Amino acid sequence: MDRRSFLVLLVAGCADPAANLGPQLALGPGVPTPSRPEPAIDLPPSGSPTFDAWLKDFYVKAIKAGLPSELLDRELRGLTPNDRISALDSRQPEFSRPVSDYIRGVVTDDRIAIGARKRDALPALADIEARHGVPRNVLVAIWGLESGFGAILGDFDVVRSMATLAADGRRREFAEDQLMAALKIIGSGEFPRSRLVGSWAGAMGQTQFIPTTFLATAIDGDGDGRRDLWNSSADALASAANLLSKAGWRRGESWHREVTVPSGFDYALTEGPRETPSWWAQYGVVPADGRPISPADQNAPAELIAPSGAAGPMFLAFHNHFMIRRYNNSTAYALGVGLLAQRLGGEGRLVRDWPQETPLALADRTAAQTALNQLGFDAGAPDGIVGVNTRKALRAYQQARGLVADGYLSLEMVRRLRSEAGAQP
């Protein structure tokens, strides 16, 4: 799974090995500390001059960070780039997958049935939930989406993958951080490199942790003294719970609630204020199933989201919804986890069905962003990613034109924007 956007707050939890190098030699006042000589680097060529130049530079950084030269010589000697990784990283899907299609694909009867069986066969979940406050159904939903309940772990060498991404340069800082962390794991003796396998983007184990997140938040969930995210489901789920708890999960509160809105509702309020359910009720935003808001949620601020626009289901997204996004910064992912967790808990389907949506081609998405910018609505750089900035600009455009300001980019909206921008002198 290419995640990730990826939990930046947790990277700070990785210890700096340079802190354990011991006290500096006291040379007396006025005597300059001698600079450490540059290490002699003798690595065989990989066949890629760009990769070789990056690798030598990284070797120096790693030595300065305190990693032993013996470790670096062993793990970096003979390293070559993986062309498959470069191709996967540079590939942007030609068509975007609508949220409705994603949800239909992840919240299925089969996944619900398998998840329930897996949950009931894992006694450690009760203790994990009690200790961290994250509901077991949320953890099982993450497990299902991340690795198919441990069935799909990936087979890429994480060291080689991160080296390839770093040398390519597009995500160099991220990849170098992950490579440094992977080398720390190997150097500590916790796991050999042969065990550090995962997705092409460096996510490892049944709950798909990147190396920095592993160092910061992986824990032992089965009591054997190890934190084996590959072979122990209890370790993987306890680590996911620890991650969410550290991120700020609020025990007892919901993650989202499906709602309905009245006719004539001001959709410009979507992705805007975070207010309590009683505040939203003043605007006619009420639970879709008619059940009252729980006591734990009555004073909890929530943001209104309409992932498929005015034609689709709408949700009050509470604090814990955004904690799921800390795991994977995607509205669709967080809704997929939340909705799957609710179905695992015995709740029914959504009151309002997802609409049939048309996937948008990359050219259409970038053209819409370009048109919004030309018309004076700042959508940011036209990159084809319809995120918060694009939706904010689109809502402003829709408001200015007297349209339903739901920020939803449909094919019809793309055509309107292109036509209007093209008609400008």
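Remember, predicted model here, so these are calculated numbers, not experimental data.
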Does one side chain, of [X] or [Y], offer a donor that lies under 3.5 Å from an acceptor on the other?
X: Tyr397; Y: Glu420; value: yes
X: Ser46; Y: Ser48; value: no
X: Gln342; Y: His256; value: yes
X: Asn242; Y: Thr217; value: no
X: Tyr327; Y: Gln208; value: no
X: Arg227; Y: Ser232; value: no

Do [X] and [Y] sit within salt-bridge range, that is, some charged N less than 4.0 Å from a carboxylate O?
X: Arg343; Y: Asp109; value: yes
X: Lys61; Y: Asp177; value: no
X: Asp168; Y: Arg170; value: no

Closest approach of Ile142 to Leu244 (non-hydrogen atoms, all atoms of both residues): CD1-CD1, 3.8 Å

Arg395 to Asp406 - nearest heavy-atom pair and separation: CG-C, 3.8 Å

For atom [atom1] of [X], decide whether the heavy atoms of other residues, nucleotides or ligands shown that lie under 6.0 angstrom number more than 12.
X: Arg349; atom1: CZ; value: no
X: Gln282; atom1: CD; value: yes
X: Arg84; atom1: CZ; value: no

Kindly indicate whether the side chain of [X], heavy atoms from C-beta on, has any atom under 4.5 Å from the side chain of [Y].
X: Thr276; Y: Gln298; result: no
X: Ile114; Y: Arg111; result: no
X: Ile185; Y: Leu215; result: yes

Parallel, tilted or perpendicular: ring planes of Phe58 versus Trp54, cut at 30 and 60 degrees: parallel

Parallel, tilted or perpendicular: rings of Trp255 and Trp249 (30°, 60°): tilted

Donor-acceptor under 3.5 Å (Glu275 side chain, Pro301 main chain): no

Check: Gln178 side chain, Thr212 main-chain N or O, donor-acceptor pair, under 3.5 Å: yes

Arg274 to Phe322 six-membered ring, cation-pi geometry met (6.0 Å, 45°): yes

